[in-house]
Amino acid sequence: MLKIYNTLTRKTEEFQTLEPNLVKMYVCGVTVYNDAHVGHAMSALVFDIIRRYLEYRGYTVKHVMNYTDVDDKIINRAKQLGEDPLKLSQRYIEDYTNDLKSLNILPATSYPQVSKTMPLIIEFIHGLIRKEHAYPASNGDVYFSVTSDDDYGRLSGRKLDDMQAGSRIEVDEAKDHPMDFALWKSAKEGEISWDSPWGKGRPGWHIECSAMNLAELGEQIDIHGGGNDLIFPHHENEIAQSECYTGKEFSRYWVHNGMLQLGGEKMSKSLGNIVSIKEFLSKREADVMRMLVLNGTYRAPLLFNDDTLDAAQKNVERLKSALRPASVSAKGLSPEAVSALAPASESAKSNFTEAMDNDFNTAGAIAALFELSKIINNARDGGATDEQLKFAQGIFRELANVLGLKLEEKQGSSEQETQVNALIAERNEARKQKQWARSDQIRDQLKEMGVTIEDSKDGTTWRYS
RNA sequence: GGCGUCGUGGCCAAGUGGUAAGGCAAGGGUCUGCAAAAUCCUCAUCGCGGGUUCGAAUCUCGCCGACGCCUCCA
């Protein structure tokens with residue numbers, strides 16, 4: 001039985017879908033005006049893993065991830081660059097799409113954009129005004145009235161009175177209540193805008209997600225996800241808008257990932273402590289980032305530094321070792337080690353599922369893989385053939401795949417391979433003559449080429465490292 | 001000030017009532033010409049102080065500390 005922690009209730013709850021076997025999941029994507037960073041990657045990875053696991057459990061997942069392509073920051077950046085805002089955001093959408101692909105993140109079912117949802121957004125705002133949950137103000141903006149929603153604040157656990165006390169928001173004369181937020185912002189001179197019954201303008205940040213949810217998944221969804229920095233105000237406001245509009249419960253489960261920490265602080269554009277996804281991938285492979293996420297709890301802060309990354313990289317390499325073929329130089333025949341394969345595979349599978357069922361406990365799931373890898377490696381050392389290893393490795397690969405780990409050995413060009421083989425032949429000749437200095441020298445040379453070699457009685461194997 | 005999450009070995013990190021998963025690092029074996037990889041062994045009583053209980057890392061209260069949100073943010 002799958003259980004999920006629900007931010008709304010602050011409890012881990014049994015997962016039940018609105019419709020049998022179908023999961024409607026909406027995850028807040030990014031505002032596209034800059035290179036995405038590894039914090040965004042973390043969030044995308046978390047929900048990719050959740051999605052993969054739900055599919056593994058037999059659900060069909062409708063996974064919607066939006067792009068905010070109309071926004072103040074985009075407008076400002078576009079002005080700076082002298083570029084059309086929508087062209088700019090389109091450029092970064094393509095860019096981010098590539099990032100996600102590089103990270104082995106499965107494509108979402110759909111990627112709605114604000115700029116393409118305008119009629120529905122306007123209709124949505126209209127409906128809220130009609131139901132007296134919103135009002136056009138004197139300055140041309142339209143605001144949502146927080147006092148018109150009795151439940152306002154229930155996701156973030158805030159009360160309107162408390163928020164006012166500590167609020168740093170400038171009180172806006174046009175608002176009925178200081179916490180009222182914009183559904184529609186009137187356009188400034190020369191700014192990109194759309195026509196509406198309230199004049200030229202553009203949508204506020206929160207309404208887009210309510211509208212796109214409605215457009216893509218309907219009035220009610222199963223899972224709404226995003227970073228926990230979105231709980232307030234973004235998701236709080238989304239709930240308010242959607243539920244006031246439809247009169248129905250919006251999302252059953254609210255799932256939020258923790259923040260990536262760099263140097264003890266949240267990584268964010270405004271703090272400037274950013275590592276872009278591209279920068280990361282120029283140094284490490286995608287599995288390393290994923291492993292970093294898997295080793296932790298998706299809801300907790302995740303430490304991003306050389307130590308945690310080095311460990312993650314080692315973890316990946318360790319898992320890869322389980323997938324290597326039978327050894328040419330097994331130490332001897334160990335029937336016990338070989339016969340341990342089948343039961344170990346089964347228990348790995350059930351441990352894996354048990355962990356993942358518990359609010360996607362990926363650290364536990366990974367542990368199941370490590371345990372299986374040990375059994376597999378033992379069997380290989382114990383003389384198992386490829387045929388004997390196949391079953392366990394199949395299970396291993398299947399489970400790794402649920403987590404989205406590729407575990408690919410690096411590949412080189414064929415010229416490189418020829419060169420490597422020639423060097424190894426030369427080295428083995430030297431070894432035969434016990435010319436150890438020459439032998440070690442060649443090994444160092446290969447190391448510099450990124451090739452690790454392993455000697456055994458029956459030959460030398462190598463791989464890119 | 002308000003709301004929330006959390007504090008487990010040198011590091012990352014599971015476990016959430018019955019006497020502490022996994023990985024990294026470290027030390028010691030096997031293997032190796034030496035390595036590397038793999039493998040085996042060793043390595044914690046769970047921030048502090050009360051309480052509940054036959055029994056708590058796990059529930060409760062207090063304290064200390066960290067982080068996030070309360071403004072744009074994955």
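In what follows, chains carry the letters A, B, and so on, assigned in the order in which the sequence lines appear, proteins first and then strands, with residues in each chain numbered from 1.
Counting any heavy atom pair closer than 4.0 Å across all strands shown, A/G157 reaches sugar-phosphate atoms only and no base atom. If you check every strand for non-hydrogen atoms under 4.0 Å, A/G29 touches sugar and phosphate atoms only. Using a 4.0 Å heavy-atom cutoff across all strands shown, A/I366 reaches no nucleic acid atom at all. Across all strands shown, A/I231 has no heavy atoms under 4.0 Å from either base or sugar-phosphate atoms.
Nearest to the side-chain atoms of A/R443 among the listed nucleotides B/A38, B/G33, B/C3 stands B/G33. Candidate nucleotides B/C70, B/A74, B/G33 were compared by shortest atom distance to the side chain of A/R158, and B/C70 ranks first.
Between the side chain of A/D455 and the base of B/C34, at least one donor-acceptor pair of N or O atoms lies under 3.5 Å. Taking only distance into account, the side chain of A/R427 meets the base of B/G33 through a donor-acceptor pair shorter than 3.5 Å. Scanning atom types as modelled, no donor and acceptor separated by under 3.5 angstrom connect the side chain of A/S156 and the base of B/G4. A donor N or O paired with an acceptor N or O is not found under 3.5 Å between the base of B/G15 and the side-chain atoms of A/N358. Checked by distance alone, A/K314 brings no side-chain donor or acceptor within 3.5 Å of a matching partner on the base of B/C24.
Remark: B/G55 base-pairs with no nucleotide in the shown strands. Criterion, Watson-Crick or G-U wobble with two distances under 3.5 Å. Across all strands shown, B/C48 forms a Watson-Crick or G-U wobble pair with B/G62, both key distances being under 3.5 Å. Judged by Watson-Crick or G-U wobble contacts below 3.5 Å, the nucleotide B/C69 has B/G2 as its partner.
The phosphate of B/U32 (OP1 or OP2) has no side-chain N or O of A/R431 nearer than 4.0 angstrom. OP1 or OP2 of B/C67 has not a single side-chain nitrogen or oxygen of A/R299 nearer than 4.0 Å. Put simply, A/N378 has no side-chain N or O that comes within less than 4.0 Å of OP1 or OP2 on B/U39. Under 4.0 angstrom from either OP1 or OP2 of B/C69 there lies at least one side-chain N or O belonging to A/K266. Side-chain N/O atoms of A/N361 include none lying less than 4.0 angstrom from OP1 or OP2 on B/A21.
The heavy-atom pair separating A/A286 from A/L103 by the smallest distance is CB-CA, 3.9 Å.
Heavy atoms from other residues, nucleotides or ligands lying under 6.0 Å from CD of A/Q433 number more than 12.
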Margin query: Please determine whether ring-ring contact (aromatic ring centres under 6.0 Å, His included) holds for the pair A/F181 and A/Y143, giving the CA-CA distance in whole Å, both sets of side-chain angles, and the decisive distance to 0.1 Å.
Written below: CA-CA 5 Å; A/F181 55 91; A/Y143 294 110; 8.8 Å; no
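No side-chain donor from either of A/H256 and A/N228 sits under 3.5 Å from a side-chain acceptor of the other.
Ionic pairing of A/R284 and A/D310 is present here: one or more N-O contacts between side-chain nitrogen and carboxylate oxygen are shorter than 4.0 angstrom.
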